[in-house]
Structures are given as structure tokens and as C-alpha cells.
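Please read all numbers here as calculations on a predicted model, not as lab measurements.
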Amino acid sequence: QIIGGVEKLEDETYAKSQQDRFDHIIIDEFQDCNWIQTRLAYLLSPKGHITVVGDEDQSIYGFQGANGVQNFKLFENSFSSFNVKEMKLRTNYRSTKNIVKSSASMATKEMEAWEKNGNGVSPKLIECETEEDEFLFIKKKISELKEMKIGGEKPLNGRFAVLFRKDKQNEIKKFKDELPSDWINPKNPDKFNANIKTIHKAKGSEYPVVFIAHFEEKTFPVNFQENFQYRDSMGEYLRLPRKETPEELHEEEEKRVLYVGMTRAEKQLFLTYHTVDDNKPITVSKFLSDIEVEEENYENSENGNLENS
């Protein structure tokens, strides 16, 4: 439908009839637009009556053809004859100072936490031996925290998020299948007293407490695949000029995925991983060297003790 609309708008007479319908055009989440979507916006706003809003550090849809950071450069070029004004918003109103500080190296811009959010507790990295232990830690920690009130708010029950990079090998289903019965809504068995989803599906949401599971190599980042291509309005492949290699672009986007996951957290953030899978060793994500977290070991599923590393 969008391609058809763009093809019609390439006709000046038809374009004029549509352009006059809009006093101003506003696009949110501009970093997630692909080439054909941005072309549609440009054709509808030849007089520069357009505002775009976006965050280059939350561009995580390159695999779907989103142009990401390039969109903002193209916007300035496309409307260079007008007085393009840029307004930078650099305050995180959601997260505590410690969460903002921990996630900072995953971003290209410097953010500040809103003063009223306070310092909060330091984000934690929890090392477990097996996936079973990892899931058990998350469930026990949620049970421990669910009646707590943070900052005088209502109890946290039901306001947690357990986020996965992707649902490989039905990890999310496995986690849900092991949940205790009191986590399940009796009126709707598909609803849980926690939000369990991929980071991409959590984008735009916020939760007092966030767990990011499987913070391991080959998950953060996922393996590179040569599929980052962009389509122009005629459906042909368009390669925008870039100095980075495809592998470098992929790793940059993977860092942004982690950034989005970490900054869903308002008050507390846990990153978890396990070290053994099918008797094979697993390594923690290489992104660990870029973030500030307190490291702890979850001993085992029997006693559930934590030890500082």
C-alpha cells in the first residue's frame, strides 16, 4: 500500500491534491522508518511543514529495513533549503542515575537521569550455572520483590519484565511453563504476573524492575547475518554510503538492542546468564566490558544463595 501511495505521489498533480490536506506532518519513532516510509513523508511535505521525533540509540529494526541513524542525515539533506532546526533531548525521565550510567556506553549520546529519580541501586549481573538455575533465580527474585514498594509507590506485584534478546528454541515458552501457579491469571491463562517478552516487543514500555535473561555470547550480540539491505521506492535494493562494514553495523545495532532493554528499567535492573548448556561452556557477553554492573554468583537451585564476585 505504501509503495502504491508513493508511486501515485510521484505524479505532481496528484501529489498537490494530497499535500494540501495537511497543515503539518509529524512522525514519531523516525529512526524505525524504512526508505519507502521516509520517501512518503517527503512527498507529502515539499514545503518543509514536517517534524520528526526519534532516538538514534533506539534504532533496532535494521533487520526490517529501517534506515536508523541515516534517516536523520537524509532528513537534513532533503530539507536543506529550509531552516531545519534540531532540538536535542538529553534527559532520561524513566530510570535512576545508576541505570543511566550503566547503559551509557551502549549509546552514542550522553544522557542524564532526571534528578528526582535519584541514584537508585546498582544494576546487577547474576552468574548461574545452568539455564534452570538462571530461571529459578529470576522467579525467586520476583517473588522476593513483588510485595515491595519502591519510592512510596504501589506494590510491585505484576510490574516486572523478563526480557529476552530473541525467542530462540522457545526460551520464553520454557520460562513460562515453569512459572508457579500463583503467577498465572486464573481468568486468562495467557496472562502472567510479569511481562515476559523479547526486547523488541518491550520497546516503548517501562517497568520498575527488569530482568534481561541470557546475557551471553551468541545472544548479545546474536550472530551476524548478511541481510542488512534497504529498499528504495521502486523495490530495488539501495545501499546507502557508509564507512562501517556490515559486521560493524550489526554490532552497533546489537548494542542498541541491549541499550533499549536496559533502559526499560525504572528502579532495578538485573542481567542474568548461565555458564553451562548441554555440558558445553557458555561465555558471558563481550558487552560486559562496556557496562557498569555489580557481579554476583547464584550458587545453585538448592540453597539459592548469592555471592559477590
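To the nearest 0.5 Å, the span separating OG1 on T51 from CD1 on I25 amounts to 10.0 Å. A distance of 11.0 Å separates NZ of K124 from OG of S102, quoted to the nearest 0.5 Å. With rounding to the nearest 0.5 Å, the separation of CG in L271 from CD in E295 is 10.5 Å. To the nearest 0.5 Å, atom CG of residue L249 and atom CZ of residue F224 are 8.5 Å apart. Atom CG in L40 sits 12.0 Å away from atom NZ in K8 (nearest 0.5 Å). In this structure, CG in D32 is found 11.0 Å from CG in N67, a value given to the nearest 0.5 Å.
Between Y42 and F75, the two ring planes are tilted [angle within 30° to 60°].
With contacts defined as side-chain heavy-atom distances shorter than 4.5 Å, the pair V6/L43 qualifies. M262 has its side chain out of reach of P123: every pair of non-hydrogen atoms, C-beta onward, lies at least 4.5 Å apart. Side chains of V53 and I27 form no contact here, defined as non-hydrogen atoms less than 4.5 Å apart. The shortest distance between side-chain heavy atoms of Y298 and K140 falls below 4.5 Å. A heavy-atom distance below 4.5 Å is not found between the side chains of F215 and T272. Counting heavy atoms from C-beta on, the side chains of T91 and Y93 come closer than 4.5 Å. Residues S45 and Q19 form no side-chain contact, since every pair of their non-hydrogen atoms from C-beta on lies 4.5 Å or further apart. Put simply, the side chain of T275 does not reach to within 4.5 Å of the side chain of T283, judged on heavy atoms.
Residues H274 and E132 have side chains that never bring a donor and an acceptor to within less than 3.5 angstrom of each other. Under the 3.5 Å distance criterion, with hydrogens and angles disregarded, a donor-acceptor pair is assigned to the side chains of Y273 and E127. Side chains of D55 and Q58: a donor on one and an acceptor on the other come within 3.5 Å.
The side-chain contact (heavy atoms from CB on, under 4.5 Å) test with Y14 is passed by exactly one of E12, K16, Q18, E10: Q18. Each of T96, I99, L145 was evaluated against Q268; a single residue qualifies, L145, per the side-chain contact (heavy atoms from CB on, under 4.5 Å) test.
Under 4.0 Å is where a charged nitrogen must lie from a carboxylate oxygen, and between R159 and E266 no such pair does. The residues E112 and K97 are annotated as not salt-bridged, no charged nitrogen and carboxylate oxygen being separated by less than 4.0 angstrom. A salt bridge is defined here as a Lys NZ or Arg NE, NH1 or NH2 lying under 4.0 Å from an Asp or Glu carboxylate O, and K197 with D167 fails to meet this definition. A salt bridge is absent between E7 and R39: the closest approach of a Lys/Arg side-chain nitrogen to an acidic carboxylate oxygen does not fall below 4.0 angstrom. The pair E254-R165 meets the salt-bridge criterion, since a charged nitrogen lies less than 4.0 angstrom from a carboxylate oxygen. A salt bridge links E292 to K101: at least one charged side-chain nitrogen sits closer than 4.0 Å to a carboxylate oxygen. The residues K174 and E171 are annotated as not salt-bridged, no charged nitrogen and carboxylate oxygen being separated by less than 4.0 angstrom. A salt bridge does not link D57 with K255: every distance from a Lys NZ or Arg NE/NH1/NH2 to an Asp or Glu carboxylate oxygen is 4.0 Å or more. By the 4.0 Å N-to-carboxylate-O rule, R264 lies too far from E206 to be salt-bridged with it.
Distance alone, capped at 3.5 Å, is enough to place a donor-acceptor pair between the T198 side chain and the K201 backbone. In this structure, the side chain of N98 engages the main chain of N119 through a donor-acceptor pair within 3.5 Å. The closest donor-acceptor contact from the side chain of N297 to the backbone of E299 lies at 3.5 Å or more, if one exists at all. In terms of modelled atom types and a separation under 3.5 Å, the side chain of D277 and the main chain of K280 share no donor-acceptor contact. In terms of modelled atom types and a separation under 3.5 Å, the side chain of S103 and the main chain of V100 share a donor-acceptor contact. T130 places a side-chain N or O within 3.5 Å of a backbone atom of D133 that can act as its donor or acceptor partner. Judged by distance alone, the side chain of N92 and the main-chain N or O of S95 form a donor-acceptor pair under 3.5 Å.
Note on I126: it does not cluster hydrophobically with V276, by side-chain heavy-atom contacts below 4.5 Å among ILVMFWY residues. Put simply, L258 and V222 are part of two different groups of oily side chains (I, L, V, M, F, W, Y) that touch within less than 4.5 Å, one to the next. Hydrophobic clustering, with ILVMFWY side chains joined whenever heavy atoms are under 4.5 angstrom apart, keeps F164 apart from I282. I291 and V121 sit in two unconnected hydrophobic clusters of ILVMFWY residues. Membership requires side-chain heavy atoms under 4.5 Å apart, directly or through other members. One hydrophobic cluster, built from ILVMFWY side chains closer than 4.5 Å, holds both L9 and L74.
Y61 approaches E253 most closely through the heavy-atom pair N-OE2, 3.8 Å. Nearest heavy-atom pair, L163 versus A202, reported as atom, atom and distance to 0.1 Å: CD2-CB, 3.7 Å. When all heavy atoms of Y259 and A107 are compared, the closest pair comes out as CE1-CB, 3.7 Å. Across all their heavy atoms, G261 and I199 have their closest contact at N-CG2, 3.7 Å. In terms of heavy atoms, C128 sits closest to F137 at SG-CB, 4.3 Å. The minimum heavy-atom distance linking Q31 with A66 is given by the pair O-CB, 3.8 Å.
Within 6.0 Å of CG on D278 lie no more than 12 heavy atoms contributed by other residues, nucleotides or ligands. Atom CD of E144 has more than 12 heavy atoms from other residues, nucleotides or ligands within 6.0 Å. Annotation for R21: atom CZ does not count as buried by contact number, only 12 or fewer foreign heavy atoms lying within 6.0 Å.
Residues Y207 and F160 place their aromatic rings such that the two centres sit no closer than 6.0 Å. The ring of F63 has its center closer than 6.0 angstrom to the ring center of H200. Note: F220 and F287 fail the aromatic proximity criterion, with ring centroids not under 6.0 Å apart. Within the 6.0 Å centre-distance limit, the rings of H214 and F135 are counted as a close aromatic pair.
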| request: Using the side-chain contact (heavy atoms from CB on, under 4.5 Å) rule, take I212 and L269 through it: C-alpha gap first, then chi angles, then the decisive distance, then the call. | output: CA-CA 8 Å; I212 297 179; L269 172 65; 4.2 Å; yes
| message | As a quick check of understanding, evaluate side-chain contact (heavy atoms from CB on, under 4.5 Å) for E216 and S285, giving each step before the final call. | response | CA-CA 4 Å; E216 302 136 9; S285 168; 5.8 Å; no
| task | Begin from the C-alpha positions of E134 and K139 and carry the test salt bridge (charged side-chain N to carboxylate O under 4.0 Å, His left out) through to its verdict. | result | CA-CA 9 Å; E134 182 179 357; K139 289 181 285 187; over 6 Å; no
| task | Begin with the C-alpha distance, continue with both residues' side-chain angles, and end with the deciding distance and a verdict on side-chain contact (heavy atoms from CB on, under 4.5 Å) for L288 and V293. | result | CA-CA 8 Å; L288 174 60; V293 291; 3.7 Å; yes
| field | Test side-chain contact (heavy atoms from CB on, under 4.5 Å) applied to E56 and K109, step by step | value | CA-CA 9 Å; E56 64 272 28; K109 61 185 181 298; 4.0 Å; yes
